[in-house]
Amino acid sequence: MEFTASQIASFIDGKIIGDGNTLITGVSPIENGESGHLSFIAQDRFSHFLDTSKCSVLIVSEKLIVKDNYNSTIIAVKDAYLSFQILMNLYQEMQGRKEGVEEGSSIHPTATIGDKVYIGTFTYVSEKAKIGEGTQIYPQVYIGKGVKIGKNCKIDSGARIYDYCIIGDNCVIHSNTVIGGDGFGFQPTKEGFKKIPQLGNVIVEDDVEIGSNCSIDRATIGSTIIGKGTKIDNLIQIAHNVKIGQNNVIAAQAGIAGSTVIGDWNQIGGQVGIVGHIKIGNQVRIQAQSGVNSSVNDRETLYGSPAISYNDYLRNYVHFRNFTEIVSRINNLENNSKDKTNE
């Protein structure tokens, strides 16, 4: 698609500085700008690209603009990052949505398929499954018995949604993620470990996005719950009967053990490990690679393994880095003390 700078400015309520007829045919990162492309500058540390970028048009936060003339055409906005996001969403909408059932897919006669649904080749939709209006299901997806998927969802190729799980409206599930696999439940006996049946399901509420290669286990009984608006990165394990509240963000390779309850608006860093049967409050921040082994109050920031207060960790780590020197100084003090005693 081709757009002029003026057309782009009209989408984001921007002010043109330069030639509004400048034509855009693509988008570039600011570090690798190209003629005919669009990019954005939202932070002061990138402001030097205002004078050096090869991009034909730049969306720039107003506070960074210091003169009336630049080599590139400028679209001045209050928040360049937010405006660029708006443009990307508009562009995605312009790509259109597929509709219809492709040859090679299999839909059980008792399944219910809403209007304007797309189902790709080699997808299997089991008995009594329900798929809401406008949902896009790409090739090689498995939809289990009695699964309910809401409106305007996107299920990418290779995803698996097992029996009786529920997906809300406007959800995105990326490739190769498994929703509703068995929880890790085994009873030790004299003969070995005996599997405990996992009879519950997974409920994914509205506006949730789940990255690729994640595993969210069904509950033993009841439901594993992912709350509204939560965003889950790639390669994440969420165990049986976990309950995650609204608007959480969880970064890659994190693992949450069974029956843990997590509140709202938390930020969980990459490779964080959280033990089972604890409660984490609201607005908690857990730094990457931390190990959480006890319940956490609201608005705490944690770091380390086992995780402690972030500020305490930083103060203690300063001493840890100098531990060899500290031990040497203590030894010297003890030796000096012995020498004085012997005198």
Side-chain angles (χ1 to χ4, degrees), residues 1-99 116 118 134 136 138 151-154 156 169-172 174-175 206-212 229-234 247-252 265 267 269-270 285 288:
M1 295 186 193
E2 295 183 350
F3 295 94
T4 65
S6 293
Q7 286 175 319
I8 294 168
S10 70
F11 296 145
I12 55 177
D13 195 24
K15 176 184 176 184
I16 294 288
I17 301 175
D19 183 3
N21 293 318
T22 303
L23 196 64
I24 293 303
T25 59
V27 179
S28 293
I30 191 62
E31 298 89 345
N32 302 303
E34 298 180 27
S35 178
H37 280 205
L38 170 75
S39 193
F40 73 99
I41 301 174
Q43 298 177 1
D44 185 62
R45 63 194 178 105
F46 296 111
S47 61
H48 61 280
F49 285 109
L50 275 164
D51 294 308
T52 61
S53 176
K54 294 180 182 179
C55 285
S56 297
V57 177
L58 295 173
I59 300 170
V60 183
S61 295
E62 294 172 348
K63 63 182 181 181
L64 303 179
I65 298 172
V66 295
K67 57 184 182 180
D68 297 328
N69 185 37
Y70 292 93
N71 293 330
S72 305
T73 295
I74 304 298
I75 302 176
V77 294
K78 185 175 181 180
D79 185 332
Y81 185 68
L82 179 59
S83 294
F84 196 73
Q85 284 182 305
I86 292 170
L87 284 179
M88 288 192 292
N89 285 326
L90 286 172
Y91 181 78
Q92 189 174 49
E93 290 174 8
M94 289 177 184
Q95 302 308 300
R97 298 168 69 89
K98 292 184 176 183
E99 292 184 23
K116 300 181 180 179
Y118 163 68
Q136 311 275 288
Y138 285 80
K151 299 177 182 178
N152 300 315
C153 292
K154 180 184 177 186
D156 276 325
D169 297 337
N170 309 310
C171 291
V172 178
H174 289 277
S175 293
D206 297 347
D207 305 313
V208 169
E209 181 157 349
I210 301 170
S212 60
T230 286
K231 312 302 180 186
I232 295 173
D233 200 357
N234 306 323
N247 299 306
N248 292 278
V249 288
I250 306 174
W265 291 101
Q267 298 177 32
R285 299 180 66 184

Grab the two heavy atoms, one from Val57 and one from Ala5, that are nearest each other, plus how far apart they are.
CG2-CB, 3.9 Å
Using ring pair (Phe, Tyr, Trp, His ring centres under 6.0 Å) as the criterion, list what pairs up with Phe46, not counting sequence neighbours.
none
Is there a donor-acceptor pair closer than 3.5 Å between any side-chain N or O of Asn247 and the backbone N or O of Thr230?
no
So, the side chain of Thr52 versus the backbone of His48: is there a donor-acceptor pair under 3.5 Å, distance only?
yes
Examine distances only and state if a side-chain atom of Thr4 and a backbone atom of Asn21 form a donor-acceptor pair shorter than 3.5 Å.
no
Partners meeting side chain to side chain contact (heavy atoms under 4.5 Å, CB included) with Ala42 (sequence neighbours left out)
Phe40, Ser61, Ala80, Tyr81
Less than 4.5 Å apart, side chain to side chain, heavy atoms only: is that true for Val60 and Leu50?
yes
Counting only heavy atoms not in Lys116, do more than 12 sit closer than 6.0 Å to its NZ atom?
no
Could you walk me through whether Ile59 and Leu38 pass side chain to side chain contact (heavy atoms under 4.5 Å, CB included), step by step?
CA-CA 8 Å; Ile59 300 170; Leu38 170 75; 3.8 Å; yes
For His37 and Ser28, which I'm curious about, is there any donor-acceptor pair between the side chains at under 3.5 Å?
yes
In this structure, OG of Ser39 is separated from NZ of Lys54 (nearest 0.5 Å) by 14.0 Å
With the side chain counted from C-beta on, respond yes when Ile210 and Val172 share a heavy-atom pair under 4.5 Å apart, and no when they do not.
no
Pairing donors with acceptors under 3.5 angstrom, does anything connect the side chains of Asp19 and Thr73?
no
Roughly how far, to the nearest 0.5 Å, is CG of Asp156 from OG of Ser212?
9.0 Å
More than 12 foreign heavy atoms under 6.0 Å from CD of Gln92: is that the case here?
no
Between Glu2 and Leu23, the two heavy atoms sitting closest are OE1-CD2, 3.6 Å
With rounding to the nearest 0.5 Å, note down the distance linking CG in Asn170 to CG in Asp206.
6.5 Å
Given side chains that start at C-beta, do those of Asp169 and Asn152 come closer than 4.5 Å, heavy atoms only?
no
For the CD1 atom of Ile8 and the OH atom of Tyr91, what is their distance to the nearest 0.5 Å?
12.0 Å
Report the C-alpha distance between Leu58 and Ile75 in whole Å, list the side-chain angles of each, state the deciding distance to 0.1 Å, and finish with yes or no for side chain to side chain contact (heavy atoms under 4.5 Å, CB included).
CA-CA 6 Å; Leu58 295 173; Ile75 302 176; over 6 Å; no
Counting neighbours of CG on Asp68 that are heavy atoms of other residues, nucleotides or ligands and sit closer than 6.0 Å, is the number greater than 12?
no
Closest contact, heavy atoms only, Ala251 versus Gly269
CB-C, 3.7 Å
For Asp51, check salt bridge (charged side-chain N to carboxylate O under 4.0 Å, His left out) against everything at least two apart and list the hits.
Lys67
Between Gly229 and Val208 the two heavy atoms that sit nearest each other are N-CG2, 3.9 Å
Distance in Å, Asn89 CG paired with Ile86 CD1, rounded so as to fall on 0.5 Å steps:
8.0 Å
Could you check if a side-chain atom of Glu209 sits within less than 4.5 angstrom of a side-chain atom of His174, using non-hydrogen atoms only?
yes
Would Arg97 and Gln136 count as a side chain to side chain contact (heavy atoms under 4.5 Å, CB included) here? Give the steps.
CA-CA 8 Å; Arg97 298 168 69 89; Gln136 311 275 288; 3.7 Å; yes
Would you compute the distance between atom CD1 of Ile24 and atom SG of Cys55 and round it to the nearest 0.5 angstrom?
7.5 Å
For Ala76 and Ile65 the tightest heavy-atom approach is CB-CD1, 3.4 Å
Tell me the closest heavy-atom pair linking Lys98 and Tyr118, and the distance in Å.
O-CB, 3.2 Å
